[in-house]
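All values below were derived from every heavy atom in this structure, side-chain atoms included, with hydrogens, water molecules and symmetry-related copies excluded.
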Amino acid sequence: MTVKIISTTPFMDQKPGTSGLRKKVTVFAQEHYAENFIQSTFDSLENFQGKTLVLGGDGRYLNRKVIQSVIKIAAANGFGRILVGKGGITSTPAASNLIRQNKAFGGIILSASHNAGGPQGDFGIKFNISNGGPAPEKLTEAIFEHSKTITQYKIADCADIDIDTLGTHQIGDTVVEVIDPVKDYAALMEGLFDFAAIRNLLQSGFTMRFDAMHAVTGPYATEIFEKRLGAKAGSVFNAVPLEDFGGHHPDPNIVYAHELYEELMSDNAPDFGAASDGDGDRNLIIGKGIYIAPSDSLAVLAANAHLAPAYSKGIAGIARSMPTSCAADRVAEKLKIGMHETPTGWKFFGNLLDTGLVTICGEESAGTGSDHVREKDGLWAVLLWLNILAARKQSVAEIMHEHWQTYGRNYYSRHDYEEVASDGANALMDALRAKLPDLKDTTVRGMVVEAADDFAYHDPVDHSVSKHQGIRILFAGGSRLVVRLSGTGTAGATIRIYLERYEADSSKHDLETQSALTALIAAAAELTEITRFTGREKPSVIT
């Protein structure tokens with residue numbers, strides 16, 4: 001193998017966000033841009049020579065090109081074995097499983113998750129460590145620092161690898177294996193859930209629809225739902241991964257998966273509907289005539305996990321990101337298990353999972369998962385819902401309403417203000433932060449503020465501290481406002497405002513969500529002064 005040393009100059013904008021580096025395709029298409037970040041990642045790691053690297057992506061535009069770069073740079077830097085999903089396709093949770101199953105040093109996942117794809121869309125690169133989870137902040141900060149001083153990268157001088165055919169290739173001392181990215185993941189799912197019970201459910205006349213959104217989960221969903229569980233052909237739609245996701249936004253919410261939502265709300269709706277996102281780590285759950293908010297889904301899954309074989313002995317604890325509603329907290333309290341509140345970003349769950357403090361984790365942004373991998377897992381959530389439905393022999397709506405009667409209902413919504421000017425967004429956060437010391441015991445729109453803070457997380461395992469993770473305003477009675485800047489966008493800034501109202505009275509559990517949150521919406525506008533700082537009169541997206 002001949003190794004070429006390529007001279008380069010730094011790009012000063014390669015700071016990873018919540019989960020890796022995400023930029024517009026036009027940014028990644030710059031000469032040396034992706035290669036710089038890949039080399040900076042390897043230069044920030046130690047003792048990987050001769051070890052295994054897992055590699056895959058969600059199939060979006062640039063995926064195939066950058067996979068070849070990763071292979072050649074990884075070989076030049078001394079990795080001994082590279083496992084590549086056929087066609088460059090590997091979902092994020094499947095990659096996490098491959099890392100763990102093969103005791104790999106780590107993995108590189110090419111994805112911008114739920115962000116749009118295509119030549120004018122987004123692209124992303126992230127590194128996952130040996131436990132299968134996203135790199136911790138200490139490592140991503142080291143990668144960023146190195147990216148600002150990089151002067152060269154190493155790359156193997158060889159032909160591109162055929163990634164469309166299963167088989168083994170040699171680049172010097174490095175073995176490159178093109179593998180079936182679905183097989184091992186499907187086997188893992190079959191070991192966690194009662195496939196016989198779910199198969200019986202689907203054969204009983206129960207109907208389901210799964211929207212793969214022309215993203216990575218199409219092949220996985222087809223194999224699992226249609227081939228292994230016997231859902232009728234066509235239950236999985238938009239099943240072929242496309243570089244531009246068919247021109248759609250691969251974010252599984254009722255705005256972008258409106259076709260599925262409308263079908264489930266129709267007179268002839270199937271019993272169950274679900275969707276996943278670009279890289280397969282998020283999920284959308286809809287029952288006949290009822291949308292299940294991600295925070296509620298987390299709570300229901302935690303409360304009923306014991307119905308699946310893998311969790312039959314109960315769960316050790318629950319973790320949720322801070323902006324996620326407190327619905328799961330009430331489940332943890334009743335089950336007498338631990339409840340952990342972390343910053344946004346799945347990497348913060350890793351230590352809790354590794355030490356057995358928690359079994360199930362979730363984020364309001366449609367991510368849920370368990371200790372089977374170290375990423376959120378869209379298909380896992382769908383399968384657990386199906387297992388629960390098969391065991392309880394009730395509809396989604398019946399399960400949800402029974403849950404609210406038991407625990408109360410947390411009305412919840414997220415209002416996103418996308419691609420606002422960064423200066424205005426930062427000024428809004430600074431101004432709101434300055435108000436915090438004086439908010440306690442004040443009344444806003446008829447609600448009394450019990451506490452207000454800028455959330456800081458103290459990791460109970462490694463004792464690291466993560467500050468400025470979002471502003472919390474807590475009202476008497478269990479309602480909350482949370483305001484934070486997102487780390488997943490690629491243009492300008494995204495302000496996310498999370499609104500939560502707790503309602504114990506079961507006679508008030510069927511209100512329309514935005515109507516139920518009217519006072520909180522008004523309080524958020526008053527406290528944040530969002531129109532003054534951003535010029536926006538209304539959110540870009542409401543979920």
Please step through salt bridge (charged side-chain N to carboxylate O under 4.0 Å, His left out) for the pair Glu529 and Lys435, ending with a clear verdict. CA-CA 12 Å; Glu529 301 178 80; Lys435 294 178 182 179; 3.2 Å; yes
Can you confirm whether Asp423 is buried at CG, in the sense that more than 12 heavy atoms of other residues, nucleotides or ligands lie under 6.0 Å from that atom? no
Tell me, yes or no, whether the heavy-atom count around Phe455 atom CZ, taken from other residues, nucleotides or ligands under 6.0 Å, exceeds 12. yes
Any donor-acceptor pair under 3.5 Å linking the side chain of [X] with the backbone of [Y]?
X	Y	answer
Ser276	Arg282	yes
Glu226	Gly234	yes
Ser295	Ser325	yes
His509	Glu503	yes
Arg501	Thr513	no
Arg496	Pro323	no
Ser297	Pro294	no
Asp416	Glu418	no
Thr528	Ala524	yes
Thr406	Glu402	yes

I'd like to know if the side chain of [X] pairs up with that of [Y] as donor and acceptor (distance under 3.5 Å, no hydrogens or angles considered).
X	Y	result
Thr92	Asp279	yes
Tyr311	Ser370	yes
Thr518	Ser515	no
Glu137	Ser466	yes
Asp277	Ser113	yes
Tyr498	Arg484	yes
Ser266	Asn268	no
Arg392	Asn304	yes
Asn97	Glu375	no
Arg374	Ser96	no
Trp346	Ser321	no
Gln514	His415	yes
His372	Asp377	yes

Stacked cation flag Arg209 on Phe272, 6.0 angstrom / 45 deg: no
Report yes or no: is the cationic atom of Lys24 (NZ for Lys, CZ for Arg) closer than 6.0 Å to the six-membered ring centre of Phe123, at no more than 45° off its axis? no
[Y] side chain reached by [X] side chain, heavy atoms, under 4.5 Å:
X	Y	value
Ile495	Thr534	yes
Glu263	Pro270	yes
Leu481	Phe475	yes
Met189	Ile224	yes
Phe225	Leu386	yes

What's the shortest heavy-atom distance between [X] and [Y], and which atoms?
X	Y	result
Arg480	Thr324	NH2-O, 2.9 Å
Ser413	Ile542	OG-CG2, 3.6 Å
Tyr291	Ile254	CD1-CG2, 3.6 Å
Phe245	His214	CD2-O, 3.3 Å
Asn387	Leu307	ND2-O, 3.4 Å
Leu383	Ile198	O-CD1, 3.9 Å

Rounded distance [0.5 Å steps], [atom1] in [X] versus [atom2] in [Y]:
X	Y	atom1	atom2	answer
Asn131	Leu353	CG	CG	8.5 Å
Met400	Ile292	CE	CD1	5.5 Å
Thr344	Leu485	OG1	CG	11.5 Å

Salt bridge [X]-[Y], side-chain N to carboxylate O under 4.0 Å:
X	Y	value
Arg472	Glu500	no
Arg320	Asp329	yes
Arg228	Glu223	yes
Glu450	Lys440	no

All side chain to side chain donor-acceptor pair (under 3.5 Å) counterparts of Ser464, not counting sequence neighbours: Asp462
Derivation and outcome, salt bridge (charged side-chain N to carboxylate O under 4.0 Å, His left out), residues Arg22 and Asp122: CA-CA 7 Å; Arg22 294 180 188 170; Asp122 298 337; over 6 Å; no
List the steps, then state whether side-chain hydrogen bond (donor to acceptor under 3.5 Å, both in side chains) holds for His401 with Asp510. CA-CA 9 Å; His401 281 95; Asp510 289 311; 2.9 Å; yes
Pair Tyr185, Tyr220 - check ring-ring contact (aromatic ring centres under 6.0 Å, His included), show working. CA-CA 8 Å; Tyr185 176 84; Tyr220 294 86; 5.5 Å; yes
